[in-house]
> 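Just passing along the structure, written as structure tokens.
Since the structure is predicted, the reported quantities are computational estimates derived from the model, not experimental observations.
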Amino acid sequence: MNSRDATDAAARAAAYRHLAGDPVLGGLVRRVGRPDPFDRAARGFPSSTPFEALALHIVGQQISVAAALTIFARVTGAAGGTLTPRRLLGLAEDTLRTCGLSRAKAAYLHDLARRQAEGVIDVEHMDGVDDATALADLTAIHGVGPWSAQMFLIHQLRRPDILPAGDIGIRRAVQAAWWLAEAPSPRDTARRALAWAPFRSYASALLWTSLGAPAPQPPPA
């Protein structure tokens with residue numbers, strides 16, 4: 001195990017010790033283990049540059065992961081195999097739409113590429129940018145809302161304390177784990193998650209993973 005792997009393992013152990021202080025999350029840990037929130041491969045995403053990753057998050061809005069990966073592969077192929085700002089700007093909107101993108105998403109990708117090419121934002125070098133500033137910079141890009149920005153912070157910047165409270169998967173996982181009558185609102189989800197700081201990215205991974213696990217036993221009457 002190299003030094004980074006050892007550091008990651010220690011951070012994950014500390015995170016899940018903290019989360020296990022919540023009885024419900026502790027039960028989830030016993031059921032599904034301690035998923036790594038920064039393991040893109042486990043969620044089906046390919047390794048990529050930060051620019052490509054943010055473009056994929058835009059492509060993936062409101063569609064399945066499988067559909068997003070298929071469309072993104074077409075876009076990457078049209079760009080010559082590697083997606084860079086210059087190559088993306090060289091693809092006409094009609095070409096992007098032929099790949100399966102909506103007119104809006106094609107415009108969003110062009111806005112991202114233009115901002116990166118002109119130096120308005122530099123998604124390749126955001127490691128030193130704090131969470132709040134990174135979220136504000138990313139959501140200034142047309143078509144990058146809070147969910148896409150939060151996913152970028154988790155999966156590309158490896159930030160440990162991000163919980164996409166508006167994510168329907170997170171909300172459904174909370175509903176199931178706490179035996180709620182309906183999925184909580186994003187505000188209620190964020191409020192519940194306050195106690196999970198500073199490890200909310202790990203809680204996110206735990207909740208997402210729980211969706212694929214067998215249903216828990218109901219609490220005693």
Side-chain angles (χ1 to χ4, degrees), residues 37-127 129 131 133-159 162-173 183 186 201 204-205 208 211-212:
F38 313 124
D39 185 355
R40 287 173 55 80
R43 300 204 69 216
F45 294 116
S47 59
S48 58
T49 67
F51 176 81
E52 289 176 315
L54 186 54
L56 176 55
H57 285 313
I58 291 173
V59 171
Q61 292 169 1
Q62 299 181 335
I63 61 175
S64 70
V65 171
L69 292 174
T70 297
I71 294 170
F72 188 74
R74 293 174 187 156
V75 173
T76 301
T82 303
L83 201 63
T84 66
R86 179 172 295 183
R87 290 184 178 186
L88 183 51
L89 288 171
L91 298 178
E93 179 183 293
D94 286 346
T95 300
L96 293 175
R97 296 197 68 194
T98 299
C99 292
L101 292 171
S102 66
R103 188 180 302 277
K105 285 186 180 180
Y108 297 157
L109 287 180
H110 277 160
D111 186 61
L112 166 63
R114 190 174 299 107
R115 288 171 183 262
Q116 181 72 17
E118 295 175 356
V120 176
I121 191 171
D122 185 1
V123 299
E124 299 288 349
H125 302 95
M126 298 189 78
D127 289 344
V129 180
D131 290 352
T133 301
L135 288 170
D137 288 347
L138 290 167
T139 53
I141 301 168
H142 294 159
V144 177
W147 179 85
S148 295
Q150 289 164 334
M151 297 295 281
F152 185 84
L153 261 66
I154 294 173
H155 296 301
Q156 274 63 55
L157 301 186
R158 301 172 63 89
R159 301 297 170 88
I162 303 295
L163 185 126
D167 183 272
I168 189 59
I170 294 285
R171 293 165 55 208
R172 286 176 177 165
S201 296
S204 299
W208 278 319
L211 290 171

> Looking at every non-hydrogen atom in both residues, tell me the closest pair between C99 and A78 and how far apart they are.
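Residues C99 and A78, closest heavy atoms: SG-CB, 4.3 Å.
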> Are the side chains of L135 and P146 in contact, using a 4.5 Å heavy-atom criterion?
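No; the side chains remain at least 4.5 Å from each other.
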> Could you tell me the separation between the NE2 atom of H110 and the CG atom of L112, rounded to the nearest 0.5 Å?
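Separation between the atoms: 10.5 Å.
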> Look up atom CD in E118 and atom CG in L89, then write down how far apart they are to the nearest 0.5 Å.
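Going from the CD atom of E118 to the CG atom of L89 covers 8.5 Å.
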> Can you establish whether the number of heavy atoms outside R172 located under 6.0 Å from its atom CZ is more than 12?
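Not buried by this count: 12 neighbours or fewer within 6.0 Å.
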> Heavy atoms, side chains only, cut-off 4.5 Å: are E93 and L101 in contact?
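No. Closest side-chain heavy atoms not under 4.5 Å.
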> Do you know which two heavy atoms are closest between F51 and T84, and how far apart they sit?
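Heavy atoms of F51 and T84 come nearest at CE2-C, 3.6 Å.
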> Less than 4.5 Å apart, side chain to side chain, heavy atoms only: is that true for I141 and L54?
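Yes, their side chains come closer than 4.5 Å.
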> Please report the closest heavy-atom contact between L56 and A68, naming both atoms and the distance.
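For L56 and A68, the tightest heavy-atom pair comes out as CD1-O, 4.0 Å.
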> Where is the tightest heavy-atom contact between G80 and R87, given as atom of each residue plus distance?
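Nearest heavy atoms, G80 then R87: O-NH1, 3.7 Å.
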> Under the criterion side-chain contact (heavy atoms from CB on, under 4.5 Å), I'd like the reasoning laid out for L153 against L138: C-alpha separation, chi angles, the key distance, then a yes or no.
CA-CA 10 Å; L153 261 66; L138 290 167; 3.6 Å; yes
> Are Q150 and D167 packed together at the side-chain level, in the sense that at least one heavy-atom pair is separated by less than 4.5 angstrom?
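When only atoms from C-beta onward are counted, D167 and Q150 do not touch, as no gap falls below 4.5 Å.
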> If you define the side chain from C-beta out and look only at heavy atoms, does anything of I162 sit under 4.5 Å from L157?
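Not touching, per the 4.5 Å side-chain cut-off.
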> Calculate, to the nearest 0.5 Å, the distance between atoms NE2 and OG1 belonging to H142 and T139 respectively.
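Going from NE2 on H142 over to OG1 on T139, the span is 11.0 Å.
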> Can you list the steps and then say if D111 with V144 is a side-chain contact (heavy atoms from CB on, under 4.5 Å)?
CA-CA 10 Å; D111 186 61; V144 177; over 6 Å; no
> Looking only at heavy atoms, which two atoms of R159 and D127 are closest? And how far apart?
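The pair with the smallest heavy-atom distance is NH2-O, 3.3 Å.
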> Looking only at heavy atoms, which two atoms of T95 and L91 are closest? And how far apart?
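Closest heavy-atom pair between T95 and L91: CG2-CD2, 4.3 Å.
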> Can you tell me how far CG of D131 sits from OG of S201, rounded to the nearest 0.5 angstrom?
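Result: 8.0 Å between the selected atoms.
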> First locate atom CZ of R103, then atom CG of D94, and finally report the distance between them rounded to the nearest 0.5 Å.
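One gets 7.5 Å once the value is rounded to the nearest 0.5 Å.
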> Between P164 and S204, is there a side-chain heavy-atom distance shorter than 4.5 Å?
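Yes. Closest side-chain heavy atoms under 4.5 Å.
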> Are Q156 and M126 close enough, and set up right, to give a side-chain contact (heavy atoms from CB on, under 4.5 Å), and what steps lead you there?
CA-CA 10 Å; Q156 274 63 55; M126 298 189 78; over 6 Å; no
> A side-chain contact here means heavy atoms from C-beta on lying under 4.5 Å apart; do F152 and V123 qualify?
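Yes, at least one pair of side-chain atoms sits under 4.5 Å.
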> Specify whether W208 and H155 have parallel, tilted or perpendicular ring planes, treating 30° as the upper limit for parallel and 60° as the lower limit for perpendicular.
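Parallel, since the angle between the ring planes stays under 30°.
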> Rounded to the nearest 0.5 Å, what separates atom CG in L163 from atom CD1 in I154?
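Those atoms lie 7.5 Å apart.
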> Could you check whether any side-chain N or O of K105 sits under 3.5 Å from a backbone N or O of L96, counting only pairs where one atom can act as donor and the other as acceptor?
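No, K105 side chain to L96 backbone: no donor-acceptor pair under 3.5 Å.
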